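Bear in mind the structure is a predicted one, so any value in this text is a computation, not a measurement. Just so you know, these numbers use all the heavy atoms, side chains as well, and skip hydrogens, waters and symmetry mates.
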Amino acid sequence: MLNTSHFDTYDSGSFRQFCGPAQVHKDLNTLYGLIVGIQADGHINDSEIEMLRAWISSVSSLQAKAPYSKFVAKINAIISDGVVTAEEAEDLIWLCKNYLDYNRNPYYDVITSSTQQLGGFLAGISADKTINIEELTALGNWTSNNASMFKTWPFDTLLPAIERIQAERQLSAEDHSELLTFCQSITSIKPADQEKVTIPVKLPEQQVSILIQECTFCFTGESSRYSRKELAQIVEMYGGIAADSVTAKLHYLVICDVRNPAWAFEMYGRKVEKAMNMKKKGAGPKVIFEEDLFAALAVLGNITLPG
């Protein structure tokens with residue numbers, strides 16, 4: 001049985017204050033992508049301004065520390081009049097670039113940084129729940145400038161959809177709905193009042209028959225229902241085995257709905273990236289969602305938290 005006591009620190013969220021430069025790198029990359037995204041169509045509306053407030057909220061535990069205090073003060077000053085001009089947006093982009101000095105930053109990794117920026121970019125263009133042709137063109141240009149990144153997941157899921165829409169030279173209502181849902185679901189930056197979006201990404205073997213007894217489960221992300229420790233205990237109550245790392249012997253990697261803000265990758269994180277790379281080589285765990293696990297547990301009986 002896995003010793004779950006170390007999950008208490010994770011569940012409390014207190015780990016963020018110790019993440020240091022790598023955390024700053026991630027948060028500023030996300031902000032950079034967010035600003036580029038919200039100004040992609042040439043103007044910034046109220047919904048997109050709300051996304052900047054959401055970014056501030058996402059770093060609330062670090063606002064008193066440098067450089068967060070500088071960025072929060074800058075953003076608050078910009079949005080105080082309810083308008084973000086093109087010049088103000090460029091000022092923020094310039095500020096991000098100055099702190100994200102990749103030549104000096106030992107935490108810089110091209111794939112990680114591009115993924116973080118894409119997450120912010122998608123949050124920006126989907127902020128007002130509408131993706132227009134200017135934003136789609138900007139997204140297409142971004143993908144062209146970062147073509148090498150699309151050999152890795154989750155970029156390789158997004159690219160075919162973009163290429164197809166560009167080839168058809170139109171954005172149908174169905175394509176718009178799917179793309180908007182994709183954008184909203186894979187970013188951790190969102191307004192507080194935004195409803196939870198079901199993750200639409202079609203992962204290989206997503207429709208799986210899940211066995212519980214004597215199978216190993218590792219969790220990534222933050223559940224909206226239970227703490228990480230409680231999830232591990234629930235699985236073990238039903239005869240499963242909780243694990244805290246992704247290995248070739250792991251049976252299931254479970255994606256929880258709420259993204260962990262300390263992930264180096266903006267999307268689902270290193271665990272999923274590692275699992276997907278293993279799957280491409282014919283090994284590794286099946287990647288499932290939290291709801292898939294709950295459905296399998298429901299067949300065995302009502303889920304009851306440990307006392």
Side-chain angles (χ1 to χ4, degrees), residues 24-60 63 67-68 70-100 113-146 149 154-155 158 161-162 165 171 175-195 197 259 261 265-267:
V24 175
H25 185 255
K26 173 203 168 296
D27 290 331
L28 296 189
N29 261 319
T30 302
L31 177 61
Y32 174 87
L34 176 61
I35 301 164
V36 173
I38 64 178
Q39 69 160 3
D41 59 356
H43 61 88
I44 300 175
N45 58 38
D46 291 343
S47 297
E48 292 166 337
I49 290 176
E50 191 62 33
M51 293 300 291
L52 289 173
R53 293 193 178 96
W55 182 87
I56 291 176
S57 177
S58 74
V59 299
S60 59
Q63 287 186 29
Y68 293 94
K70 185 178 184 67
F71 280 89
V72 170
K74 180 73 171 178
I75 294 172
N76 281 330
I78 288 175
I79 65 178
S80 61
D81 60 357
V83 177
V84 179
T85 66
E87 184 176 357
E88 289 172 333
E90 288 299 329
D91 284 345
L92 273 176
I93 290 175
W94 177 86
L95 192 60
C96 288
K97 285 182 175 180
N98 273 272
Y99 275 90
L100 293 170
S113 296
S114 296
T115 310
Q116 293 165 349
Q117 290 175 16
L118 178 61
F121 190 105
L122 297 182
I125 66 174
S126 64
D128 56 1
K129 300 180 177 61
T130 300
I131 300 176
N132 57 40
I133 191 63
E134 291 85 1
E135 291 169 332
L136 184 61
T137 300
L139 180 58
N141 292 337
W142 193 95
T143 62
S144 297
N145 293 331
N146 294 271
M149 298 303 98
F155 292 88
L158 178 62
I162 296 174
I165 293 171
L171 182 60
D175 286 336
H176 179 272
S177 177
E178 291 182 357
L179 185 58
L180 179 63
T181 304
F182 181 90
C183 292
Q184 291 177 330
S185 66
I186 65 174
T187 177
S188 62
I189 304 299
K190 59 183 180 181
D193 60 350
Q194 179 177 303
E195 295 182 1
V197 178
R259 257 64 65 197
F265 277 73
E266 176 65 24
M267 312 306 183

Please report, to 0.1 Å, the donor-acceptor pairs under 3.5 Å made by any side chain of residues 78-86, with sequence neighbours excluded.
unit_1: S80; atom_1: OG; unit_2: A77; atom_2: O; d: 2.8
unit_1: D81; atom_1: OD1; unit_2: V83; atom_2: N; d: 3.1
unit_1: T85; atom_1: OG1; unit_2: E88; atom_2: N; d: 3.1
unit_1: T85; atom_1: OG1; unit_2: E88; atom_2: OE1; d: 3.4

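Rounded to the nearest 0.5 angstrom, I38 CD1 and D128 CG are separated by 10.5 Å. To the nearest 0.5 Å, atoms OG1 (T30) and CG (L122) are separated by 11.0 Å. Going from atom CG of L92 over to atom NZ of K97 covers 12.5 Å, rounded to the nearest 0.5 Å. Put simply, CD on E48 and OG on S126 are 9.0 Å apart, with the number rounded to the nearest 0.5 Å. Put simply, CG on D91 and NZ on K74 are 4.5 Å apart, with the number rounded to the nearest 0.5 Å. With rounding to the nearest 0.5 angstrom, the CD1 atom of I125 is 9.5 Å from the CG atom of D41.
Judged as a side chain to side chain donor-acceptor pair (under 3.5 Å), and not counting sequence neighbours, E135 has no contacts.
Looking only at side-chain heavy atoms (C-beta outward), Q39 and I93 come within less than 4.5 Å of each other.
Looking at every heavy atom in both residues, P67 comes nearest to L28 through CG-CD1, 4.3 Å. Taking each heavy atom of H176 and I131 in turn, the nearest pair found is NE2-N, 3.0 Å. Summarising the geometry of A127 relative to S47, their closest heavy-atom pair is O-CB, 3.5 Å, with the distance given to 0.1 Å.
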